[in-house]
Structure formats: C-alpha cells, structure tokens
Peer 1: 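Submitted below is the structure of interest, expressed as structure tokens.
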Amino acid sequence: MLISDGFMYVEFRRTLLDQVDSALEVTAIQALKNIDDEVDVLTFDPREDSPVLTSLLDEAGVSVDLLDQNGVINQRLGDSLTFPLQAQLSPGFKTIINADERWRVYILEILPRDNRPAGWLRVAHSLQSVDTTLRDLLKHHLFEIPLILGMVGLGGLFLANRALKPIGQITEMAERVRISGDLTQRIRYQGVTDELERLANMFDTMLDSLQATFEREKRFTADASHELRTPLTAIKGRLHVTLSQQRTAENYAETLQAIEQEVDRLIRLSSDLLLLSQLEQHHLALNLELIDLSDLLAAIAEQVQPLAELHHLKFSTHIASNLYIQGSPDHLIRLFLNLLDNAIKYAANDGQVTLTALSGDRSIQVMVSDTGIGIPPEHVSHLFERFYRVEKSRSRAIGGTGLGLAIAQEIVHRHHGAIAIQSGLGHGTTVTVTLPSQ
Ligand code: ADP
C-alpha cells in the first residue's frame, strides 16, 4: 500500500505541475503576442483590452511581468500583489518560495526586434491550491493506511481463527485419545471440503485402522493364550490322574506318549507363532532368489504323495514346466505344504486332491483343489484370520493350529502375490495362489 500510494502521490503531483506549466506557457505565448512593437520601451500594446486581461489573469492567479534587460519590471499584469518583484532571471520553468508560498515561474527571453528592445517575460502562478490538494491527499492516505491495516489485521485474525478452529478440534481429539486410550473417538468433520477435511478424514481413517489392528491384536493375544492353555491343561490333567495312584509301567508309558503329543502340539503352535511374527515384520527382507517353481512343486508333490495314499486319496498334479519366480524356497515350500496338508485333511475319504500350476500373463497360478467337505460361505472371508477355524474341535482333533492359512497369506503377500479361496459346502475347496512370474 505504501509503495502504490507513494507512486500515486508522485504521479498526481507531476500531473498537477504539468497542468500549471502548460497554462503558464500558453499565457506567456499569448502575452508575447501582445507586446507593443512600435515603441522603444518594452510594454504591452495599450490597444489590447488590458483591464479585461488583468482581471482574467487575477482570477486564474497568474501574474505576468514584463522586465527590461536588467530585470527591472516595466509592466505587470494580474496577481501583482503577492508575487515578489525581484527574482533571478534565467529562461525556463522553476519553483520558488516566497513568504511560505510556492510559486511556479516561467521565464521567456524577449529578443530585440525593430524598435523593440531586449528584455524578459515572466509568468508566475501560485502553487498554493496545488499544495493544498496535495496536502489533503497525503492526510487522506495517512489516515487511510492505519485504518486499512487495522481492518486487514482484524479480518486476518478472524479468518485465521476460523481456519485453525478444526485443527484445534483435531488436536483436542488426539489429546483425548492419548489420555484415555479410547480409540473409538472420531472427529467426523462437517465443515467445507478443503485440506482440513482431508486431514480430518485421514485422521478418522487412521483411527479406524488403529482400532481394527488393536482389536485384532487383543483377539490374537486372547486366542493365543487359549491355544497354549488347552494342551497345558490336558498335560496337567493327565499328570494329575496318573500321579493320583500307583501305576504300571505301561500306564506311565501311555501317559508319557499322550504328553509327548501335547508337547508336539505346543512346539508346532509356538513355531507357527514365531514364523508368523517374523513374516509380519515387513522391514526384515526375505532372501529371494530365482526359483524354478515347476521343480519345487514337483518335489513337494512327491513328499505329499504318501500322506495322500495314507488317507486313501487320489492325488494328481498338472504342473507346467519352466515356471520361474523370484522367491524364498523355504517359505514357498511351507506355503504349498500348508495348502496341500489342508486339502488332504479336509478331503473326504476316497476323494481327490489336485495340484495345478499354470503360467498366466506375467503371473503364475497355482491351484490346490480337493473334493472334500467344503467351507460354508459365511466363513470364507474369515479363513485368513489367525486361529480362525470353521469347526474348532474338529480342526484341533486333526492337529490344526488355525494358523496355516494366516501363514500362507503372509508368505504370498511377502512375494507380492494374491491368494483366494473358492469353496462350496460339500463341493470341495480350491485355493488359488497367484505369484508374479520372472
Ligand atoms: P488349521 O490348522 O486348523 O487347518 P488353517 O488356517 O490352515 O488352520 O485353516 C483354517 C480353517 O479353514 C480350518 O480350520 C478349516 O476349518 C478351514 N479349511 C482350510 N482349508 C480347508 C479345506 N481345504 N477344506 C475345508 N476346510 C478348510
């Protein structure tokens, strides 16, 4: 504002002075024409209507002096009372100060002609009205600047407060969550659609996922404790019964065998938990290498064949050759063993288990199908949750920990792939793993 006002002021002053200068110049030219050429003293032509001219000049606040070569005034027209009689003579425009009043002066040199001697023509105009206008303008601006600054300041304060209010709400809410630990609180921002709405929504979404993770962890801890307690309770009960009276050596051996089974179960459970927690640490990279998946699957199938035969199942494989992927062999073996183990466990007697591997568009699909009991549709979306089982007692009885599919999913994700289950109750199950090919 200061710069633009300053610029405007200077421009305005220049325009006013230009106007005064052109008026002086026109008057001087007019006065020059009125000089009497027929006498040998510099004087205005008396035939011209000088009283009228004088009153016009007075009205315009202009004074016209006719001076001889030495600067002595021969004749004066117009506002003769206020302008000084003596002033320095040099042609052109100049501003002089006389008794605290500024005057704009235009001096023209009169050259000798015929009878007319040389001399000076001086036209002057008081700058009082110009100065008053400029002073008023300056006062106006000086008054206006603090007023506008104040208004801008107050407006800015109001807008900043309004804009920052939602941030205050977000901060308060975050503080409440921190103090109470209550992850159910949400901002539910209702203001205009802007960056703050995005921030508030992002905050709510973050709390949603934090709450989901927190609840999942709580459920997991409860499930894990329960899973660990079951075999320990069984061991304790068995020991208690056995030790309650004297037993034969066979009884003791039987008890020890039963305890060994439960301990095996505990070992399986703890190693599954350990593997799962390692896989979930995404910052720890897996050792990936180029693998011929066809060879790997063929080796796994060979390993699984006796187990399928034991369950009286028909096991067939359709594995395309040269299926190369970037992967961790140990984890991939674990993945497909888990899936085949499930297929064999849940396939009906005399059923069929099939392992198929195909090459797709930049991906490889591996399908493990069985003709078993299938899975009710309402359970399918939960199968990858840790410790989720369709029939808890049945799964436990056949040695399942409920972590097999959670581990499988984690391994697939660590290989940047996808896993999906299609199943129909009584129509068997197909698990499809899609991995990026090399
Ligand atoms: P588990 O160790 O109990 O097998 P999983 O995570 O591997 O745990 O599987 C979770 C549950 O999914 C199982 O308890 C079972 O109820 C169901 N399930 C998995 N695979 C099959 C399948 N091929 N056929 C039927 N049900 C299955």
Side-chain angles (χ1 to χ4, degrees), residues 216 219-220 222-224 226-231 234 261-262 264-280 297 300-301 304 307-308 310-317 331-357 365-414 417-433:
R216 204 168 55 121
R219 232 181 11 247
F220 173 67
D223 287 348
H226 180 73
E227 292 296 326
L228 287 168
R229 220 181 56 172
T230 311
Q261 270 181 19
E262 294 298 339
D264 282 348
R265 200 179 141 66
L266 278 171
I267 291 171
R268 234 182 2 256
L269 188 64
S270 52
S271 53
D272 277 1
L273 281 173
L274 192 66
L275 175 63
L276 197 57
S277 89
Q278 279 167 355
L279 285 168
E280 279 176 344
L297 288 173
I300 294 172
V304 165
L307 191 67
L310 198 72
H311 285 76
H312 310 289
L313 296 168
K314 189 165 170 270
F315 179 49
S316 53
T317 57
H331 290 103
L332 288 172
I333 291 171
R334 182 63 196 263
L335 160 68
F336 294 115
L337 273 182
N338 275 6
L339 299 183
L340 285 165
D341 186 49
N342 274 351
I344 292 170
K345 267 195 302 193
Y346 300 106
N349 263 353
D350 300 324
Q352 183 161 350
V353 172
T354 316
L355 172 65
T356 314
Q365 280 197 332
V366 183
M367 276 136 343
V368 178
S369 321
D370 65 71
T371 52
I373 53 170
I375 303 160
E378 67 272 20
H379 291 284
V380 173
S381 60
H382 298 286
L383 290 178
F384 295 110
E385 289 171 18
R386 295 170 289 186
F387 294 119
Y388 192 87
R389 296 167 173 118
V390 178
E391 284 175 83
K392 279 199 183 319
S393 51
R394 208 177 102 103
S395 158
R396 223 178 256 128
I398 48 181
T401 58
L403 292 173
L405 285 177
I407 290 173
Q409 187 189 45
E410 209 52 57
I411 293 174
V412 171
H413 286 172
R414 295 298 301 266
I419 182 166
I421 296 182
Q422 288 99 38
S423 185
L425 202 53
H427 293 100
T429 303
T430 301
V431 183
T432 308
V433 173

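All ligand and atom numbering here is 1-based and tracks the order in the structure. Note: hydrogens, waters and symmetry copies are ignored here, and every other heavy atom, side chains too, is used. The shown structure was predicted, so the numbers you read here are calculated from the model rather than taken from an experiment.
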Peer 1: If we ignore hydrogens and angles and just use 3.5 Å, is the side chain of T371 paired with the main-chain N or O of Q352 as donor and acceptor?
Peer 2: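 Indeed, once roles are kept as given, a pair shorter than 3.5 Å links the two residues.
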
Peer 1: Between G404 and ligand 1, is there a nitrogen or oxygen pair with a distance under 3.5 Å?
Peer 2: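 Checking ligand 1 against G404, an N or O pair does fall under 3.5 Å apart.
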
Peer 1: Using a 4.5 Å cut-off on heavy atoms from C-beta on, say whether the side chain of L269 contacts that of F387.
Peer 2: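 They are in contact (side-chain heavy atoms under 4.5 Å apart), so the answer is yes.
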
Peer 1: Would a distance-only check, ignoring hydrogens and angles, find a side-chain to backbone donor-acceptor pair under 3.5 Å from H427 to L425?
Peer 2: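 It does hold such a pair.
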
Peer 1: Does the N or O separation between A406 and ligand 1 drop below 3.5 Å for any pair?
Peer 2: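 Looking only at distances, the answer is no, because the N/O contact criterion of under 3.5 Å is not met.
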
Peer 1: Compare all side-chain heavy atoms of H382 with those of H379 and state whether any distance is below 4.5 angstrom.
Peer 2: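 H382 vs H379: side chains apart.
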
Peer 1: Considering all heavy atoms of both residues, which atom of A347 and which atom of D370 are nearest to each other, and what is their separation?
Peer 2: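 In terms of heavy atoms, the two residues are closest at CB-CB, 4.1 Å.
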
Peer 1: What part of D370, side chain from CB on, backbone N/CA/C/O, both or neither, has a heavy atom under 4.0 Å from ligand 1?
Peer 2: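 Side chain only; the backbone of D370 stays clear of ligand 1.
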
Peer 1: Find all atoms of ligand 1 within a distance of less than 4.0 Å from any non-hydrogen atom belonging to G402, and give their numbers and elements.
Peer 2: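 Under 4.0 Å from G402, ligand 1 has these atoms: 1 (P), 2 (O), 3 (O), 6 (O), 8 (O).
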
Peer 1: What part of I375 sits under 4.0 Å from ligand 1 if we count only heavy atoms: the side chain, the backbone, both or neither?
Peer 2: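 The side chain, only.
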
Peer 1: Do Y388 and D223 come close enough that some side-chain heavy atom pair is under 4.5 Å?
Peer 2: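 Contact flag for Y388/D223 side chains = no.
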
Peer 1: Number the atoms of ligand 1 from 1 as they appear, then name those within less than 4.0 Å of a heavy atom of Y388, with their elements.
Peer 2: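 The list of qualifying atoms is 10 (C), 11 (C).
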
Peer 1: I'd like to check the side-chain hydrogen bond (donor to acceptor under 3.5 Å, both in side chains) partners of E280; sequence neighbours left out, ordered by chain and number.
Peer 2: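 Listed in chain order: R386.
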
Peer 1: Would you say L405 and ligand 1 have an N/O pair spaced under 3.5 Å apart?
Peer 2: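 Checking ligand 1 against L405, an N or O pair does fall under 3.5 Å apart.
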
Peer 1: Does any N or O atom in K345 lie less than 3.5 angstrom from one in ligand 1, N or O only?
Peer 2: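 The answer is yes, given that K345 and ligand 1 share an N or O pair closer than 3.5 Å.
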
Peer 1: Applying a heavy-atom cut-off of 4.0 Å, say which part of T429 lies close to ligand 1: side chain, backbone, both or neither.
Peer 2: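 Looking at T429 and ligand 1, just side chain atoms fall under 4.0 Å.
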
